[in-house]
Every structure is written in structure tokens, then in C-alpha cells.
Amino acid sequence: MTNEEINKMILHIIVCLCALFVGVMIGIVIDVQKYNTTSPVEEMDTVKKLTNSADSIKLIIINLDSAKRDEIQKVQTLDNDSSIKLFYELLRR
């Protein structure tokens, strides 16, 4: 074999290896995208679920605030006898 033939063979091997490398990289990218993509419908469902749970938590907080306000009003209107009754009621809980 001549020196020119060896150089051509090495060049062909390098080209084949580069093509193989590019093919493998494209396959990896396609594979990763296939497993990591979600449809917009799934994303909207996730957003709706999170929004609904946030709304339910807001409702719970609003209910707790109103109950707290009711208890504060009840305590503010107490006289001495009522405060003793409330104290014993709290002890029973």
C-alpha cells in the first residue's frame, strides 16, 4: 500500500467515525425529548389541580379567620361570670 492509500483510508475511517458520533448524538437527543416532553393538556391539568388546591387552602384560611373573629367578639363581650364559664369550657377541651 502506498502512503496515499493509507491517508485515504484514515480519512474514510475518520469520516465514518464522525458520522457514527453524529448519529448517536441525534439518537440520544430524540430519546431524551421523547421521555421529557409533556403535552400542553397535561400541563394545563397540572396547573388546574394546583390552582384548585390553592383555592381550597384560601377557603380554609378564610373560614379560620371568620371563626377567629367570632371568638374574639365573644371574648370581648364577656363579663366576669361569662369569662369564668369560658375558662372552664377551655379547660374541658
Side-chain angles (χ1 to χ4, degrees):
M1 278 197 191
T2 65
N3 201 11
E4 188 177 312
E5 290 176 344
I6 293 174
N7 287 341
K8 283 185 180 181
M9 203 175 350
I10 291 174
L11 182 65
H12 286 292
I13 290 173
I14 290 173
V15 168
C16 288
L17 288 176
C18 288
L20 180 66
F21 178 76
V22 169
V24 168
M25 293 307 289
I26 290 173
I28 289 173
V29 168
I30 291 172
D31 194 40
V32 167
Q33 284 182 347
K34 182 172 64 173
Y35 287 111
N36 288 339
T37 57
T38 57
S39 69
V41 174
E42 291 172 351
E43 291 178 4
M44 289 300 296
D45 287 342
T46 303
V47 169
K48 284 180 184 177
K49 287 177 186 176
L50 292 174
T51 304
N52 289 341
S53 66
D55 290 342
S56 66
I57 291 171
K58 286 179 186 176
L59 288 175
I60 291 171
I61 291 172
I62 290 170
N63 289 338
L64 288 174
D65 282 343
S66 65
K68 180 186 78 171
R69 273 187 250 115
D70 291 342
E71 289 295 320
I72 289 173
Q73 287 177 353
K74 191 189 301 183
V75 170
Q76 287 175 344
T77 59
L78 291 177
D79 56 2
N80 287 337
D81 292 333
S82 301
S83 59
I84 292 172
K85 290 178 186 175
L86 179 64
F87 176 73
Y88 285 123
E89 181 182 332
L90 290 173
L91 286 178
R92 275 187 254 140
R93 289 185 190 179

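All values below were derived from every heavy atom in this structure, side-chain atoms included, with hydrogens, water molecules and symmetry-related copies excluded. The model shown is predicted, which means the values in this text are computed figures rather than measured ones.
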**Q.** Point-to-point distance, once rounded to the nearest 0.5 Å, from CE of Met44 to OG1 of Thr51
**A.** 8.5 Å
Q | Inter-residue atom distance Leu64.CG - Leu59.CG, 0.5 Å rounding | A | 11.0 Å
Q) Taking atom CZ of Phe21 and atom CE of Met25, what is their separation to the nearest 0.5 Å? A) 5.0 Å
Q. Do Ile30 and Val22 sit in the same hydrophobic cluster, where Ile, Leu, Val, Met, Phe, Trp and Tyr count as joined when their side-chain heavy atoms come under 4.5 Å apart?
A. yes
Q: To the nearest 0.5 angstrom, please state how far the CG atom of Asp70 sits from the CG atom of Asp65.
A: 11.0 Å
**Q.** Distance in Å, Ile61 CD1 paired with Lys68 NZ, rounded so as to fall on 0.5 Å steps
**A.** 11.5 Å
Q.
Working to the nearest 0.5 angstrom, can you tell me the gap between Ile6 CD1 and Leu11 CG?
A. 13.5 Å
